[in-house]
Amino acid sequence: MLMLGGGVGIPARLVQTTLPRLVLVPVVFRLVMLAQALWVAGSGGSAALWTFAVLYLVPNVAEAAWIFRWSARDPAGARLVPVADAGAAVLLTSGAALITQDIAIKSITWTHLMGTVMIWTLLRGALAGSLVIGGGVVLHAVLDPASSLALFLTLATALVASLAVVGLVGASMRFALGFGEQQGRAAERERHRRDVHDTVLQVMESFALPAPADELDPAASLDRVRRTARAQAMRLRISIEHEPAEPVGLHQRLRLLAAEMAVEGLRAEVVIQDDCGPDLAEESAMALHDAAREALRNTLKHSGTRRAVVSVEGIGGGVSLTVRDHGAGFDVGDRRRGFGLENSIIARMAEIGGFARIESSPGLGTRVVLLAPPSMPPPPPSKGALRAAAPSVLRVPVG
């Protein structure tokens with residue numbers, strides 16, 4: 001089971017699960033050649049031919065069934081397939097030679113032997129395929145010496161074709177793995193850039209923002225900067241050294257976010273439907289939280305206001321989160337999207353299958369709408385829910 005080079009860039013487990021499915025190639029080849037032989041014989045085919053065709057289908061259909069149903073569950077069972085196939089080949093070839101000399105039956109047995117060579121080559125290697133060729137030629141030399149050379153050339157062609165298939169599949173797997181690793185590294189670099197932008201860079205920029213208290217009480221402003229830096233450093237250390245013991249829900253994430261923004265000087269009121277997002281996937285909750293944090297920090301830096309509202313509601317089984325402020329606003333059409341809007345909000349929501357929409361006008365504030373798709377089909381509403389009035393909400397003003 002090393003024909004694909006399990007130790008040369010391809011995981012052995014992937015090789016073990018892929019090779020059994022390649023058995024489908026010789027099985028399909030056999031069935032196509034059987035159909036061709038029966039088509040050529042037509043209605044004038046002998047009873048022996050049709051009987052042989054029925055018997056011929058049994059091992060091939062059994063191998064196809066094994067490929068589709070059991071190869072993924074028990075890759076180790078592939079060891080028995082070549083042995084069983086070789087046994088069927090000996091029985092079919094010997095029986096056909098001893099009972100009849102029908103040319104069509106003879107061509108079918110040759111096709112079966114070709115498939116046997118391919119199966120042994122795919123699952124056991126070129127040496128095993130060569131040994132099967134030798135065994136097939138010896139068997140035919142006993143049963144039909146005149147056709148031994150032609151059979152040898154035919155089976156050698158099957159061996160070469162099998163090696164070509166294995167080489168092509170191996171090259172394709174290496175390309176796919178290399179491409180996947182390249183994409184993974186690119187995604188990791190993008191995630192790192194986004195994390196640095198959303199944490200370290202944003203906090204440093206918030207330190208640079210002037211505040212009225214800077215002149216009135218410099219000591220208090222310096223203490224606020226220190227507390228913010230200490231909290232951010234602790235957060236980074238925890239994220240580096242520890243993994244969360246259990247998933248954190250969207251509600252708790254937003255409460256912590258409101259407290260974090262209050263430390264930085266922004267009062268964020270969080271309004272959440274009490275039944276919204278209980279089954280939201282962890283990655284969706286994290287994406288909503290991080291995109292909302294970026295929107296709130298943009299409010300803090302650019303809007304000229306110190307208040308914002310974060311509202312969360314369920315829509316069609318998904319979750320809609322809106323960040324609204326009544327600050328300076330801007331012209332969406334005239335302003336080029338920066339890294340934060342493009343990567344920390346829009347791209348982040350697109351990665352989970354959702355979307356983000358930014359609405360703003362000069363003097364009218366800004367609204368950022370985030371939508372996360374449902375993680376599972378929503379249950380049908382009950383009669384009580386249909387009769388319910390406006391949804392109840394949980395208001396969490398912080399700051």
Ile315 and Glu313, any side-chain heavy atoms less than 4.5 Å apart: yes
What residues, two or more places apart in sequence or in another chain, satisfy side-chain contact (heavy atoms from CB on, under 4.5 Å) together with Leu131? none
Rounded to the nearest 0.5 Å, the OG atom of Ser107 sits from the CE atom of Met33 at a distance of 7.0 Å
For Thr121 and Val117, the nearest pair of non-hydrogen atoms, with its separation, is OG1-O, 2.7 Å
Distance check, rounded to the nearest 0.5 Å: Ser130 atom OG versus Arg124 atom CZ? 14.5 Å
Path from Leu257 to Met286 over hydrophobic side-chain contacts below 4.5 Å: no
In the structure I gave you, are the side-chain heavy atoms of Leu371 and Leu321 within less than 4.5 Å of one another anywhere? no
Cut-off 3.5 Å, side chains only: do Asp325 and Thr305 have a donor facing an acceptor? no
Side-chain heavy atoms nearer than 4.5 Å, only ILVMFWY residues, links allowed to pass through others: does that put Leu92 and Leu31 together? yes
Would you give the length of the straight line joining atom CG of Asp331 to atom OG of Ser361, rounded to the nearest 0.5 angstrom? 7.0 Å
Would you give me the side-chain donor-acceptor pairs under 3.5 Å for residues 55-64, sequence neighbours excluded?
| from | atom 1 | to | atom 2 | distance (Å) |
| --- | --- | --- | --- | --- |
| Asn60 | OD1 | Arg30 | NH1 | 3.0 |
| Asn60 | ND2 | Tyr56 | O | 2.8 |

Leu250 and Val319: side chain to side chain contact (heavy atoms under 4.5 Å, CB included), yes or no, with the steps? CA-CA 10 Å; Leu250 178 62; Val319 173; 4.0 Å; yes
Quick check: do Phe52 and Thr109 have side-chain heavy atoms less than 4.5 Å from each other? yes
What pairs of donor and acceptor atoms, side-chain ones from residues 154-165 against any protein atom, are under 3.5 angstrom apart with sequence neighbours left out?
| from | atom 1 | to | atom 2 | distance (Å) |
| --- | --- | --- | --- | --- |
| Thr154 | OG1 | Ala150 | O | 2.9 |
| Thr157 | OG1 | Leu153 | O | 2.9 |
| Ser162 | OG | Ala158 | O | 2.9 |

Quick one: do Val32 and Leu24 end up in the same hydrophobic cluster if we chain Ile, Leu, Val, Met, Phe, Trp and Tyr together by side-chain heavy atoms under 4.5 Å apart? yes
Assess whether salt bridge (charged side-chain N to carboxylate O under 4.0 Å, His left out) is satisfied between Arg253 and Glu260, documenting all intermediate values. CA-CA 10 Å; Arg253 287 178 182 273; Glu260 176 185 340; over 6 Å; no
Do Thr93 and His140 come within less than 4.5 Å of each other through their side chains, counting heavy atoms only? yes
Once you round to the nearest 0.5 Å, how far does OG of Ser148 lie from CG of Leu139? 9.5 Å
Please tell me if the side chains of Leu254 and Val312 come closer than 4.5 Å, counting only heavy atoms from C-beta onward. yes
Do you reckon Val132 sits in the same ILVMFWY cluster as Phe152, going by side-chain contacts under 4.5 Å, direct or chained? yes
Test: salt bridge (Lys or Arg N to Asp or Glu O under 4.0 Å). Region: residues 360-374. Which pairs qualify, not counting sequence neighbours? Glu359-Arg367
Please check: side-chain N/O of Ser360 versus main-chain N/O of Gly329, any donor-acceptor pairing under 3.5 Å? no
Ser46: which residues meet the side chain to side chain donor-acceptor pair (under 3.5 Å) condition with it, sequence neighbours left out? Asp102
Looking only at heavy atoms, the pair that brings Pro26 and Leu122 closest together is CD-CD1, 4.1 Å
Are Ile358 and Ile352 co-members of a hydrophobic cluster defined by side-chain heavy atoms under 4.5 Å apart? yes
Spacing of CD1 belonging to Ile346 relative to CG belonging to Leu370, to within rounding of 0.5 Å: 10.0 Å
Does the side chain of Thr116 come under 3.5 Å of the side chain of Asp85 through a donor N or O and an acceptor N or O? yes
Quick one: does any side-chain atom of Ser284 pair with a main-chain N or O of Leu280 as donor and acceptor, under 3.5 Å? no
Sequence-distant partners of Phe29, ring pair (Phe, Tyr, Trp, His ring centres under 6.0 Å), two or more places apart: none
What are the two closest heavy atoms between Ala356 and Met349, and how far apart are they? CB-CG, 4.1 Å
What distance do Ile119 atom CD1 and Met114 atom CE have between them, rounded to the nearest 0.5 Å? 12.5 Å
Measuring only between side-chain heavy atoms, which start at C-beta, is Met261 closer than 4.5 Å to Arg297? yes
Sidechain-backbone polar pair: Trp120 side chain, Pro82 backbone, donor-acceptor under 3.5 Å: yes
So do the side chains of Arg307 and His326 get within less than 4.5 Å of each other, counting heavy atoms only? no
So which heavy atom on Leu49 is nearest to which on Ala41, and how close? CD2-CB, 3.4 Å
Measuring only between side-chain heavy atoms, which start at C-beta, is Val368 closer than 4.5 Å to Thr322? no
